[in-house]
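What you are looking at is a predicted structure, and each value in this text was computed from that prediction instead of being measured. Reminder, nothing fancy here: chain letters follow the sequence lines and each chain counts from 1.
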Protein chains: 2
Amino acid sequence: MATTSISRSAFYQYFEDIHQLMKELLDMLAEEIFAAAKPWIAGVGDPVALTHESLEGMVHVCYQRGPFLRAISDAATTDDRFEQDWSDFLGAFDDAACSRIEADQKQGLIARFEPRPVAFALNRLDAHTVIEAFGKHPRSKPEPVHEALVRIRISTLYGSEWVEKRSSNLVRT
Amino acid sequence: MATTSISRSAFYQYFEDIHQLMKELLDMLAEEIFAAAKPWIAGVGDPVALTHESLEGMVHVCYQRGPFLRAISDAATTDDRFEQDWSDFLGAFDDAACSRIEADQKQGLIARFEPRPVAFALNRLDAHTVIEAFGKHPRSKPEPVHEALVRIRISTLYGSEWVEKRSSNLVRT
DNA sequence: TACATATCTGACACAGTGTCAGAAAACGAC
DNA sequence: GTCGTTTTCTGACACTGTGTCAGATATGTA
């Protein structure tokens, strides 16, 4: 508040409390991130390419909004109510990733394993990697982060042979 | 303090401040976790088996100490000094994982990619998966978490073919 | 100008963290 | 036991962050 022109009291006329401020920021960010992740979540076509595309969008949004993302994630550790909101946000991604993995398993594209713990772990991977890499200035460069996330997700889900194939294709074109 | 028999003031005779309390807890936990992770970090032999062993130990320790781990991780988001301590702790793992990946790349066991971002991402994966899975009661079961972390790390580093091979071996024996 | 509505502010209350002088307890010598 | 010394503990205070509220100020309108 010290850096703004209005008083602390005036703030409470626009937001019920700090929790609600963070909640609205989270909702805005969630919308952007879901939109970016949509290709892999709901798209049709080569799932390896869709993974690449979704992670590219997700990394791009998080690179831009890094400090917001970090503030939101930090707030989740101090406010009991907001912790639930943050958990719901990540949980929605877990559900979506789970569904996609199950669908691809039925098509024989992904090996048969319990999807829930792997989806959970991969989502914590993405979330906390971008939070730590982009949350504080100076931020990491987005490209190496994107490449690492793509490599890990594709190796885990579709097989490591697709990682090198894809990168060599990209080099040739 | 309300749940203890001593006063708040007495606490400050044993610890300089809350930061120092968390720091000592972190140091204790770091020792346990480093010891558990040692096989893959510094061991010789089949790296796939060593990965499995290290993650088993790490998951076991974190399952037991989950609430402590979570408290420590949460403290890092509110205390500037402690944030640095936590960052150093994770950074030490990044360095160790980086070295191991580079060594295995020289031996041709791991594909040639930039090791730092992948090591960073895999460590955030492990850390925040166990924190969220084991940090709050009721805790998740450790076995599915371990299996997911093993699957992801082995697929990413040594190739996804080793995941199924290993699990089929384990079924037969 | 006068009234009504919208917006803002200072003062207060309460919780969390750290400090400090002095009280209480433990110990040792006689 | 009773001093004197050292260790340990406590209540009161100071400072910061969060939220509330009555009343002041600004804005719009007839």
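- Of the two residues near DNA chain C, Phe11(B) and Ser5(A), the one whose nearest nucleotide lies more 5' is Ser5(A).
- The base of dG16(C) lies outside donor-acceptor range of the side chain of Arg8(B), with no N or O pair under 3.5 Å.
- Under the 30°/60° scheme for interplanar angles, the aromatic rings of Phe93(A) and Phe34(A) are found to lie parallel.
- Atom CG in Asp17(A) sits roughly 5 Å away from atom P in dG19(D) (whole-Å rounding).
- Contact of Ser9(B) with dG11(D) (side chain to base): a donor-acceptor pair of N or O atoms is detected under 3.5 Å.
- Atom P of nucleotide dT7(C) and atom CZ of Phe15(A) are separated by 14 Å, given to the nearest angstrom.
- One atom, CG of Asp79(B), and another, C1' of dG16(C), lie 14 Å apart when rounded to the nearest Å.
- Clustering ILVMFWY residues whenever any of their side-chain heavy atoms sit less than 4.5 angstrom apart, transitively, puts Phe120(A) in a cluster other than the one holding Ile154(B).
- Between His128(A) and His128(B), the ring-plane angle classifies as parallel under the 30° and 60° cut-offs.
- Comment: Asp74(B) engages Arg70(B) in a salt bridge, judged by a side-chain N to carboxylate O separation of less than 4.0 angstrom.
- The distance from atom CD1 of Ile6(A) to atom P of dG10(C) is 12 Å, rounded to the nearest whole Å.
- Atom CD of Gln64(B) has more than 12 heavy atoms from other residues, nucleotides or ligands within 6.0 Å.
- Between dT17(C), dT9(C), dT20(D), one nucleotide has an atom nearer to the side chain of Tyr12(A) than all others, and that is dT20(D).
- Side-chain N or O atoms of Arg139(A) include one that pairs as donor or acceptor with a backbone N or O of Tyr63(A) at under 3.5 Å.
- Distance, Arg81(A) CZ to dT18(D) P: 13 Å, rounded to whole Å.
- Rounded to a whole Å, the CE atom of Met1(B) is 12 Å from the P atom of dG11(D).
- Taking every side-chain heavy atom of Tyr14(B) into account, dT8(D) is the closest of dT8(D), dT10(D), dT20(D).
- Although no hydrogens or angles enter the test, the distance criterion places no donor-acceptor pair under 3.5 Å between the side chain of Arg100(A) and the main chain of Ala96(A).
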Where do N or O atoms of nucleotides 21-27 of chain C meet protein N or O atoms at under 3.5 Å, pair by pair?
none

